[in-house]
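Taking it in order: structure first as structure tokens, then the write-up.
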Amino acid sequence: MKESRLARPGRLDAYGTTIFAEMSARATAMGAVNLGQGFPDEPGPPEVLETARAAIEEGHNQYAPGRGVAELVEAIAAHSARTYGQEVDPSREVLVTAGATEALMSTILALCGPGDEVVVFEPFFDSYPAAIELSGARMRTVPLRDPDWSFDPDELRAAVGPRTRLVLLNTPHNPTGRVFSHDELQLVADLCLEHDVIAVTDEVYEHLVFSGRRHERIATFEEMADRTVTISSAGKTFSVTGWKIGWLIAPPALVSSATAVKQYVTYTNGTPFQYGVARGLSLPAARIEALAAAL
């Protein structure tokens, strides 16, 4: 008997439910403390929350522009210049997304296809292999090893080759907490330049760095701004994970490619929340540092 097409598995059926959904459900069922998903107990900075409330009252409740409200894309560019010395054109080099997850998915789907390879450091956030699978590309992993969660430079060199399209780098790293050193980032940059590879950086924990460590943005390394997609979000920094406001910074051509995917997924999202995040990114550096200190 011919098998029904209804029984044919979906492309991501093998991935099942994310571990975050599974652990949160178990914690709720058992009345347990939930350490399985990264949302805080703090409500977020009052200025940020009040700005979002005011935006709702002022009628900012319809579709935002596809690339984000002007106040937010300008705040992202200003934050980049102020924090990292990276000048960004808000009208051409910034895209607001439904969290960092959509920024990652849109970037990978836009830039990768069958025959391409994506180099990922392991362990990794669970959306990475799913996005790579959907793109048709192949994932190659480079392990991070305890006790300090560093990688072997020779293993990274061996992983990057003629089929490599992207190196996907998460720093500060989830789940190990590793903050990649300057020398480690320089090696990644050197390999990207040598092999004509794009760096995609997941930097959602950029402001939650402890013990005197310092987060560096690889896009600021020599010749890397033109080949880096920098991804971040407001959820962790401002304790507003439910708002799902993220963004990416990249050269105009790469932003356009990611936008072409995003417009058919969410098109736009969270209009009043975008105003709140713009306010958060405009807070003085000391105020943002205090949020990390509170944690």
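Treat the numbers as computed from the prediction; the structure is a model and nothing was measured. These values consider heavy atoms only, across backbone and side chains, with no hydrogens, waters or symmetry-generated copies. If you read the sequence from its start, that first residue is 1, and numbering goes on from there.
Between Glu57 and Arg53, none of the side-chain N atoms (NZ, or NE/NH1/NH2) sits under 4.0 Å from a carboxylate O, so this pair counts as no salt bridge. Salt-bridge check for Arg217 with Glu206: passed, with a basic side-chain N closer than 4.0 Å to an acidic carboxylate O.
Side-chain atoms of Leu193 and Phe221, non-hydrogen and from C-beta on, never get closer than 4.5 Å to each other. You'll find the side chain of Ile108 stays beyond 4.5 Å of the side chain of Val200, heavy atoms only. Annotation: side chain of Val160 is not in contact with side chain of Arg140 (no heavy-atom distance under 4.5 Å). A heavy-atom distance below 4.5 Å is found between the side chains of Cys192 and Val188. Between Ile288 and Pro284 there is no side-chain heavy-atom pair separated by less than 4.5 Å. Between Ile218 and Phe180, every side-chain heavy-atom pair lies at or beyond the 4.5 Å cut-off. Inter-residue side-chain proximity for Asn61 and Ile56 is flagged as met; some heavy-atom pair is nearer than 4.5 Å. The closest side-chain heavy-atom distance from Leu291 to Ser239 is not below 4.5 Å.
Phe125 CZ to Leu104 CG: the interatomic distance, rounded to the nearest 0.5 Å, is 8.0 Å. With rounding to the nearest 0.5 angstrom, the CZ atom of Arg214 is 8.5 Å from the NE2 atom of His182. Of the inter-residue distances, the one linking Gln274 atom CD with Thr268 atom OG1 reads 5.5 Å to the nearest 0.5 angstrom. Taking CG of Asp190 as the start and CD of Glu223 as the end, the distance is 9.5 Å to the nearest 0.5 Å. For the atom pair Ser127 OG and Leu134 CG, the distance stands at 10.5 Å (nearest 0.5 Å). With rounding to the nearest 0.5 angstrom, the CZ atom of Arg145 is 11.5 Å from the CZ atom of Phe151.
Scanning all heavy atoms of the two residues, the minimum distance from Val240 to Ala234 falls at CG2-O, 3.8 Å. When all heavy atoms are compared, the tightest approach of Ala278 to Ala75 is O-CB, 3.8 Å. Taking both residues in full, the closest heavy atoms of Ala219 and Thr230 are given as CB-OG1, 3.7 Å, listed atom of the first, atom of the second, then distance. Considering all non-hydrogen atoms of both residues, Pro90 and Val73 come closest at CB-O, 3.6 Å. Smallest separation of non-hydrogen atoms from Leu111 and Asp116: O-OD2, 4.0 Å. Contact between Ile245 and Val96 at its shortest, heavy atoms only, is CG2-CG1, 4.2 Å.
Linking Ile, Leu, Val, Met, Phe, Trp and Tyr whenever their side-chain heavy atoms come within less than 4.5 Å leaves Leu156 and Leu168 in two separate clusters. No continuous path of ILVMFWY side-chain contacts below 4.5 Å connects Val88 to Leu248, so the two sit in separate hydrophobic clusters. In the hydrophobic clustering of this structure, Ile76 groups with Leu283; members are Ile, Leu, Val, Met, Phe, Trp, Tyr whose side-chain heavy atoms approach within less than 4.5 Å, directly or through other members. Residues Ile231 and Val277 are members of separate hydrophobic clusters, defined by side-chain heavy-atom contacts under 4.5 angstrom among Ile, Leu, Val, Met, Phe, Trp and Tyr. Connection of Val197 to Leu187 is established within a shared hydrophobic cluster, with ILVMFWY side chains joined at heavy-atom distances below 4.5 Å, either directly or through further cluster members.
Residue Glu122 qualifies as enclosed at atom CD: its count of foreign heavy atoms under 6.0 Å is above 12. Counted within 6.0 Å of CZ on Arg82, heavy atoms from surrounding residues, nucleotides or ligands total more than 12; the atom is thus considered enclosed.
Tested against Glu102 for a side-chain hydrogen bond (donor to acceptor under 3.5 Å, both in side chains), the candidates Thr266, Thr107, Thr97 yield a single pass: Thr266.
Remark: side-chain polar atoms of Ser106 are not paired, donor with acceptor, to backbone N or O of Val261 under 3.5 angstrom. Between the Thr271 side chain and the Ala64 main chain, a donor and an acceptor come within less than 3.5 Å of each other. Between the side chain of Thr51 and the backbone N or O of Tyr275 there is no donor-acceptor pair closer than 3.5 Å. Side-chain atoms of Glu50 never come within 3.5 Å of backbone atoms of Pro46 as a donor-acceptor pair (strictly under, hydrogens ignored). With hydrogens and angles disregarded, a donor-acceptor distance shorter than 3.5 Å links the side chain of Ser80 to the backbone of Gln86. Checked by atom type and distance alone, the side chain of Thr164 pairs as donor or acceptor with a backbone atom of Gly161 at under 3.5 Å. The main-chain N or O of Pro172 is found under 3.5 Å from a side-chain atom of Asn170 such that the two form a donor-acceptor pair.
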Please evaluate residues Arg67 and Ser256 with respect to the criterion side chain to side chain donor-acceptor pair (under 3.5 Å), reporting the C-alpha separation (whole Å), side-chain torsions for both, the decisive distance (0.1 Å), and the verdict. CA-CA 10 Å; Arg67 291 201 178 186; Ser256 295; 3.1 Å; yes
Would Phe238 and His207 satisfy side chain to side chain contact (heavy atoms under 4.5 Å, CB included), going step by step from the backbone distance to the final call? CA-CA 10 Å; Phe238 302 118; His207 291 294; over 6 Å; no
Worked check of side chain to side chain contact (heavy atoms under 4.5 Å, CB included) between Arg157 and Leu191: CA-CA 7 Å; Arg157 291 188 186 98; Leu191 289 170; 4.2 Å; yes
Would you please test Ile198 and Arg165 for side chain to side chain contact (heavy atoms under 4.5 Å, CB included) and show each step? CA-CA 6 Å; Ile198 297 168; Arg165 176 66 166 151; 3.8 Å; yes
Before you tell me yes or no, could you show the steps for Arg178 and Thr171 under side chain to side chain contact (heavy atoms under 4.5 Å, CB included), namely the whole-Å CA-CA distance, both residues' side-chain angles and the distance that decides it to 0.1 Å? CA-CA 7 Å; Arg178 172 78 181 186; Thr171 182; over 6 Å; no
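With hydrogens and angles left out, the side-chain atoms of Asp183 and Ser181 include no donor and acceptor closer than 3.5 Å.
Separation of the Phe121 and His173 ring centroids does not fall under the 6.0 Å cut-off.
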